[in-house]
There are 2 protein chains.
Amino acid sequence: MAFTDNSPIVLNTQIAPVPSGARPATGAARIPSPTFYPAGSEIYAQGERCQGVYRVEFGAVRVYRLLADGRRQISGFHLAGEMFGFEADDTHHFFAEAICATGVTITRTARTAEMSCHLLPMALEGLVRAQEHLLVLGRQNAVERIAAFLTDMAERQGGLKQIELPMTRSDIGDYLGLTIETVSRVFSKLKQSGVIRLPGLRTVEIVKWQSLHDMAA
Amino acid sequence: MAFTDNSPIVLNTQIAPVPSGARPATGAARIPSPTFYPAGSEIYAQGERCQGVYRVEFGAVRVYRLLADGRRQISGFHLAGEMFGFEADDTHHFFAEAICATGVTITRTARTAEMSCHLLPMALEGLVRAQEHLLVLGRQNAVERIAAFLTDMAERQGGLKQIELPMTRSDIGDYLGLTIETVSRVFSKLKQSGVIRLPGLRTVEIVKWQSLHDMAA
DNA sequence: CGGTTGGTTGATCATGCTCAAATTTGGTGG
DNA sequence: CCACCAAATTTGAGCATGATCAACCAACCG
């Protein structure tokens, strides 16, 4: 694969042919075509000028920060239909990358009251989500973190028992504050105890929903 | 002290004589008198109806969540002049308590565009703050967490080298995802190495600013 | 096929937690 | 001012969870 996690290659300007099903659902007069990002490519970088807010049309995005020594904290994953890229000032404080082949539309945010009206509920949702994630990182052990993660992903995919995880184990680790080895071990343990099945590397089937939910504490 | 951390005693309705210096700085026609909360009293509880957003006039507030077994994660501290209590829907998802004697004004949030215009920047600031805290909880060790905490508190108190910490070690631990013992040990180590001095239990003097800043990574 | 990337598993180690016991602090009443 | 008390904090010893280091395995792709 030509695009690694920290690839400096940016293809923002490349507009792919848009799948008909992936067009934005808004009834706006001018429909913005999604920009296409290949797996691993950068959507924006920390320090860059903030253009507006983003919406995932298809694919998945990771938003993260880095420490000087390379430690990474993923603050959130964003799936199809979700918004990301909110900032307090006009500078990006985080990095955003496509996890897999991803289409993104950008909405330029004029600082109008009308715009704020649309943005506020989304910003608040993001705030509550981040604050709930603080509880996971601050006070839950490895099993609880993974259980909470799987429960959350399942709910965001419509409560299906078969869920797709576009991200790698390394991404999951950097989201949950765990190492890749610990993530793998907990997955194995959950499989062993019959709570989940792993039909493929990126597929999880939740067998004992209640057990998983209870573990998330 | 009659008010313990989880005291069910609520004195919301009690309006104290307002110190002249503590009046809200807004030039609004009707100046809302701050409601007075004694140390340890509840401002709102998880599950309660959300009335609006709050502003600390004097004192300090902790906002937190609880797990079923009593583990607590403080998502943030709010000092004089800061806002808190933003929610995505009309229900409180967190608890809020006065850390010490505290005055709070509440602003009822009509869902108007004009209001959103004021609220959005604050919500976004809270969002960025929460996301930055995720990095601390997910990827930093005990010393880095304490250093980041002290640096943050110092900056929020105007960059003074002498800072006041209204919260207990237990609060700090529950904010940083550490035990009270670990917090105490790190404070001792920082004192030993001459980075800080501890003139009183609630007072920290930062001696080697650069060292502390470097430790925060 | 060989090479690369991502994932799993095992052995050992270290950071921070738990349990327990001093010690300090701040408040209160004599 | 001082003795006393409860709460908060500090310190110590041992332990457990998850990290680190290392080897191995599987899928994918030229």
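Protein chains get the first letters and strands the later ones, always in sequence-line order, with residue 1 at the start of each. Just so it is clear, the structure is predicted and the values come from calculations on it, not from any experiment.
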Salt bridge (Lys or Arg N to Asp or Glu O under 4.0 Å): which pairs involve residues 199-216 of chain B, sequence neighbours left out?
-> B:Lys161-B:Glu205, B:Arg197-B:Glu205

What is the distance, rounded to the nearest whole Å, between atom CG of A:Leu165 and atom P of C:dG6?
-> 16 Å

Between B:Glu82 and B:Arg129, does at least one N-O distance fall below 4.0 Å, as a salt bridge requires?
-> no

Mark yes or no for a side-chain to base donor-acceptor pair under 3.5 Å between A:Arg202 and C:dG7, with no hydrogen or angle criteria applied.
-> no

Contact residues, residues 134-141 of chain A to DNA chain D [heavy atom, < 4.0 Å] = A:Asn141

Intra- and inter-strand pairing of DNA chain D, written as dot-bracket with Watson-Crick and G-U pairs under 3.5 Å and | for the latter, reads ||||||||||||||||||||||||||||||

Any donor-acceptor pair under 3.5 Å from A:Gln46 side chain to A:Arg65 backbone | no

Starting at atom CZ of A:Arg71, determine the distance to atom C1' of D:dA19, rounded to an integer number of angstrom.
-> 13 Å

Whole-Å distance separating the CD1 atom of B:Ile180 from the P atom of C:dG16 | 17 Å

Listed partners of A:Phe149 passing ring-ring contact (aromatic ring centres under 6.0 Å, His included), at least two apart = A:Tyr175

Between CD1 of A:Ile172 and P of C:dG7 the distance, given in whole Å, is 8 Å

Check the distance between C:dT8's C1' and A:Phe187's CZ and give it to me in whole angstrom.
-> 13 Å

Can you tell me how far P of D:dA19 sits from CG of A:Asp174, to the nearest Å?
-> 11 Å

Can you find a donor-acceptor N/O pair under 3.5 angstrom joining the side chain of A:Arg169 to the base of C:dT9?
-> no

Is the side chain of B:Ser184 donor-acceptor paired with the backbone N or O of B:Ile180 at a distance under 3.5 Å, no angle test?
-> no

Atom CZ of B:Arg145 to atom C1' of C:dT15: distance rounded to whole Å?
-> 11 Å

Any donor-acceptor pair under 3.5 Å linking the side chain of A:Gln157 with the backbone of A:Glu164?
-> yes

State, to 0.1 Å, how close B:Leu137 and A:Leu134 come at their nearest heavy-atom pair, and which atoms those are.
-> CD1-O, 3.5 Å

For A:Arg139, enumerate each residue passing the salt bridge (charged side-chain N to carboxylate O under 4.0 Å, His left out) test, keeping only those at least two apart in sequence or located in another chain.
-> B:Asp174

So does B:Glu125 have more than 12 non-hydrogen atoms from other groups sitting under 6.0 Å from CD?
-> no

Take nucleotides 22-30 of chain D nucleotide by nucleotide from the 5' end and write B, S or -, depending on whether a protein heavy atom sits under 4.0 Å from the base, only from the sugar-phosphate, or from neither.
-> ---------

Donor-acceptor pair, side chain of B:Glu87 and main chain of B:His93, under 3.5 angstrom | yes

D:dA8 P sits how many Å from B:Asp171 CG, rounded?
-> 10 Å

From D:dT10, C:dA11, D:dT9, pick the nucleotide closest to the side chain of B:Thr168?
-> D:dT9

How do B:Met167 and B:Arg185 order along DNA chain D: which one's closest nucleotide is nearer the 5' end?
-> B:Met167

Using a heavy-atom cut-off of under 4.0 Å over every strand shown, decide if B:Ser188 touches base, sugar-phosphate, or nothing.
-> sugar-phosphate

Does the side chain of A:Thr182 get closer than 4.0 angstrom to OP1 or OP2 of D:dA19 through an N or O atom?
-> yes

Would you say D:dT9 has OP1 or OP2 under 4.0 Å from some side-chain N or O of B:Ser184?
-> no

Would you mind classifying the nucleic acid contact of B:Gly173 as base, sugar-phosphate or nothing, using non-hydrogen atoms under 4.0 angstrom?
-> nothing

Might you point out which heavy atoms bring B:Thr105 and B:Pro34 nearest each other, and give the distance in Å?
-> CG2-CA, 3.6 Å

Which class fits the ring pair B:His92 and B:Tyr44: parallel under 30°, tilted 30 to 60°, perpendicular over 60°?
-> parallel

